[in-house]
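Here's the structure we're looking at; comments come further down.
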Amino acid sequence: MLVFRHNDKSCEIDKDSLTLHDALKALGLDSKKVIAADFNGEHSDLSRTVTSGGEISPITADTPEGLEILRHSTAHLMAQAVLRLYPGTHFGVGPAIKDGFYYDIDVAGTITEEDLPKIEAEMRRIAGAGEKVAREDMTKDDALKFFADDPYKTELITDIDAPSVSVYKQGEYADLCRGPHVPDASKIHNFKLLSIAGAYWRGDEHNKMLTRIYGTAFATPDELKEYLRRMEEAKLRDHRKLGRDLDLFSLHEEGPGFPFFHPKGMAIMNTLIDFWRREHVKRGYTEIKTPQILDRELWIRSGHWDHYRENMYLTEIDEKPYAIKPMNCPGSLLVYKTQLRSYRDLPMRLAELGLVHRHERSGVLHGLMRVRCFTQDDSHTYIEPTKIKEEVLQIMDLDKYVYTNVFGFKYTVELSTRPEDSMGTDEQWEAAESALRDALESTNTPYTVNPGDGAFYGPKIDFHLEDCIGRTWQCGTIQLDFQLPGRFDATYIGEDGAEHTPVLIHRVVFGSIERFMGILIEHYAGAFPFWLAPVQVKIIPIAGDHMNYARELYDTFMSWGLRPEIDSREEKLGRKIRDAQLQKVPYMLVVGDKEKEAHTVGVRKRSEGDLGSMSLEEFRELLSKEFNPIH
């Protein structure tokens, strides 16, 4: 007798064994939307046969769990189609990822993006035929024999620390996989292959370069359609293209991963930094600057040498080993230790716009989003252990102001708790996690818990920004650290006259200023708000006779603290206006004989068009209504 339960429902089945599909059917939970089952807390194939009862729930494609299964099954469907079209192809790994899936393949021939429609068509033929998906458990030895002709699968099997493995088969295609998967290919309808890239086998640049095919799948056609619409919108907002078109920055083979900022890009960066400095001064931070190259012994002491050496650039000075800093924190601790500190000095908020260098593999470099050097807007705050919640609340207030009030982002918050390889006592971790939870809950901040994803030295809060087309970006973080101050013997004299070890809060708001700029470029599609625009006012003289007046206006606007520019080209007026629009300048001022004689300007606004003629006083009054968090 088997007993299956779902919430408050249960049923008894007079059999020794049963498939999960039949168990769901007996409970009245079967439907065309069901693609897998949750049995006693484990996601399983519907075809799985069980010999004992338990808790069971259906998994449908319109749930996060179901969507991941659907996407992984679609990766297998794609692999089967590729194998039919390109016999002899070998397969690496093909996981579900955020928004889709990919598969790394060693293709027998060549695949380009022009071939994707052909592969898609074959996928639809297989799905239409309802190709069955079957799981088979094998011993490692049997699996090695089964995949003897596939070097990638044999390598993966050899590395598995288990006596047996599972293999999923559909038609002529088979893959090493944990599963679960849809019961048959007819469950897969709404998919699209997106792009092709290169990827080193197992992410190691010393290995063979494989072909990576990206795709996506959704539960409904409307969801797929909306996703593809957002993808097209994202292409139009690509910060690499806009950075080139708007003359903000460039990337060069002479320095892969090291962006070059042009004058207009520096105007944006410097404005962000001015804003950052103003807000930090208001909140009690003091700014420091620490060297970029420091003795290797410092990095051994901090723990970075053991945990981060592969991402560090090394050098030698006077026959001694040094490293270019990947983090700012050890330098901050050296500054903290230059004096004897008292509890009266705390919290001590040392902020730094530190240029850090990290070795990223060439295959993951991406514009300003993934680079090898960037400016980290760090703060290292030294506090008494009893003051954690109070300080975290102040940081959260700053984050909310920056993200929502200034830039208009929605954001979500994630609390990451103690990992398995953590350092410190149970009491420290309990107090730290409790303080972060209290701070979030006392402000009614919704958050999700990411169990075990804290840093080895303490728990953290992460802020994920949502841009105008629904993408999320992890930017701000608040990390508690009990370990680094102790490693550096950093202390303060407490109210009791004894030495104590401070808690260190690592904190960023922008994260990387370069990456934050990339996010802003895409969020605004290059049409920056007035206060941030690299050129705020474009002065457009109609003819050469009006250049002297244009220069007079330029000097006036500079004295107002604006960033003006004159279009001195010998072009038609319409062309000048159109080009200024393409450059997304907030205000365009047309000046001709009438404006020169009356000492006025013809005002056009980027978002509203022609506003008519204005005196300089009227124009200045108009600009005074523009939002500006710096003034």
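Here the structure is a predicted model, which is why all the values come from computation and not from measurement.
For the salt bridge (charged side-chain N to carboxylate O under 4.0 Å, His left out) test, no residue two or more places apart in sequence or in another chain qualifies with Glu618. Residues forming a side-chain contact (heavy atoms from CB on, under 4.5 Å) with Thr315 (at least two apart in sequence, or on another chain): Ile293, Tyr322. With sequence neighbours excluded, the residues that form a side-chain hydrogen bond (donor to acceptor under 3.5 Å, both in side chains) with Tyr447 are Glu441. Partners of Phe191 by ring pair (Phe, Tyr, Trp, His ring centres under 6.0 Å), not counting sequence neighbours: none found. Applying the side-chain hydrogen bond (donor to acceptor under 3.5 Å, both in side chains) test to Lys98 and every residue at least two apart in sequence or in another chain returns nothing. Partners of Arg606 according to the salt bridge (charged side-chain N to carboxylate O under 4.0 Å, His left out) rule, which considers only residues two or more places apart in sequence or in another chain, do not exist here. The side-chain hydrogen bond (donor to acceptor under 3.5 Å, both in side chains) check on Asp555 picks up nothing, with sequence neighbours excluded. Legend: residues meeting side-chain contact (heavy atoms from CB on, under 4.5 Å) with Arg212, ordered by chain and number and at least two apart, are Tyr102, Asp104, Ala199, Tyr214. By the side-chain contact (heavy atoms from CB on, under 4.5 Å) test, Thr445 is found to be paired with Met396, Val413, Leu440, Thr443, residues two or more places apart in sequence or in another chain being considered. When the side-chain hydrogen bond (donor to acceptor under 3.5 Å, both in side chains) test is applied to Arg507, the partners found at least two apart in sequence or on another chain are His280, Tyr285. Every side-chain contact (heavy atoms from CB on, under 4.5 Å) that Arg229 has, sequence neighbours left out, goes to Glu226.
The aromatic rings of Tyr313 and Phe258 sit tilted, their planes meeting at an angle between 30° and 60°.
Between Phe463 and Tyr411, the ring centre distance stays below 6.0 Å. Between Tyr401 and Phe407, the distance separating the two ring centers is not shorter than 6.0 angstrom. Aromatic rings of Tyr200 and His206 (six-membered ring for Trp) have centroids beyond the 6.0 Å cut-off, not under it.
Residue Lys282 qualifies as enclosed at atom NZ: its count of foreign heavy atoms under 6.0 Å is above 12. The local environment of NZ in Lys337 is crowded, with over 12 non-hydrogen atoms from other residues, nucleotides or ligands closer than 6.0 Å. Atom CD of Glu316 has more than 12 neighbouring heavy atoms from other residues, nucleotides or ligands inside a 6.0 Å radius. No more than 12 heavy atoms of other residues, nucleotides or ligands shown are found within 6.0 angstrom of NZ on Lys594. A 6.0 Å sphere centred on CE of Met266 holds more than 12 heavy atoms belonging to other residues, nucleotides or ligands. Environment of NE2 in His252: crowded, with over 12 heavy atoms of neighbouring residues, nucleotides or ligands closer than 6.0 Å.
Minimum interatomic distance between Cys475 and Phe510 (heavy atoms only, all atoms of both residues): CB-O, 3.9 Å. Considering every non-hydrogen atom in both Leu532 and Ile268, the closest pair reads O-CG1, 3.7 Å. For the residue pair Thr600 and Val591, the shortest heavy atom distance occurs at O-CG1, 4.3 Å. The two residues Pro629 and Val406 have their closest heavy-atom pair at CG-CG1, 4.0 Å. Minimum heavy-atom separation, Ile519 to Met369: N-CE, 3.6 Å. Nearest approach of Asp245 to Gln583, heavy atoms of both residues: O-NE2, 3.1 Å.
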Assess the residue pair Ser615 and His599 against the criterion (side chain to side chain donor-acceptor pair (under 3.5 Å)); give the C-alpha distance rounded to whole Å, side-chain angles, the decisive distance to 0.1 Å, and a yes or no. CA-CA 7 Å; Ser615 66; His599 211 66; over 6 Å; no
Could you please spell out the steps behind the side-chain contact (heavy atoms from CB on, under 4.5 Å) verdict for Tyr227 and Glu223? CA-CA 6 Å; Tyr227 175 77; Glu223 288 174 313; over 6 Å; no
Show, in sequence, the C-alpha distance, side-chain angles and deciding distance for Phe260 and Leu251, and conclude whether the side-chain contact (heavy atoms from CB on, under 4.5 Å) test is met. CA-CA 6 Å; Phe260 290 67; Leu251 303 166; over 6 Å; no
Could you walk me through whether Arg283 and Asp397 pass salt bridge (Lys or Arg N to Asp or Glu O under 4.0 Å), step by step? CA-CA 10 Å; Arg283 288 168 168 81; Asp397 180 71; 3.8 Å; yes
Which is it for Phe374 and His357 under the ring pair (Phe, Tyr, Trp, His ring centres under 6.0 Å) test, yes or no, and what are the steps along the way? CA-CA 7 Å; Phe374 57 90; His357 289 71; 8.8 Å; no
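Within the 3.5 Å criterion, the main-chain N or O of Ala217 finds no donor-acceptor partner in the side chain of Lys192. For the pair Asp238 (side chain) and Lys235 (backbone), a donor-acceptor distance under 3.5 Å is absent. Judged by distance alone, the side chain of Lys576 and the main-chain N or O of Pro541 form a donor-acceptor pair under 3.5 Å.
Among Arg361, Arg358, His359, the single residue meeting the side-chain contact (heavy atoms from CB on, under 4.5 Å) criterion with Arg372 is His359.
Gln474 and His464 form no side-chain donor-acceptor contact under 3.5 Å, judged by distance and modelled atom types alone. Side chains of Thr412 and Glu466: no donor on one and acceptor on the other come within 3.5 Å. Looking at Tyr587 and Glu626, their side chains do bring a donor and an acceptor atom within 3.5 Å of each other. Counted by atom type alone, His523 and Arg471 present zero donor-acceptor pairs between their side chains at under 3.5 Å. Remark: the Thr211 side chain and the Tyr103 side chain contain no N/O donor-acceptor pair separated by less than 3.5 Å. A donor-acceptor contact under 3.5 angstrom links the side chains of Thr477 and Asp462, judged on distance only. No hydrogens or angles considered: a donor-acceptor pair under 3.5 Å links the side chains of Glu514 and Thr375. For the residue pair Asn328 and His380, no side-chain donor N or O sits within less than 3.5 Å of a side-chain acceptor on the partner.
Legend: ring pair (Phe, Tyr, Trp, His ring centres under 6.0 Å) pairs involving residues 560-579, not counting sequence neighbours, sorted by first then second residue: Phe557-Trp560.
Both the sub-6.0 Å distance and the 45° axial angle are satisfied by Arg71 relative to the ring of Phe218. A cation-pi geometry, defined here as NZ or CZ lying under 6.0 Å from the six-membered ring centre and within 45° of its normal, does not hold between Arg309 and Trp299.
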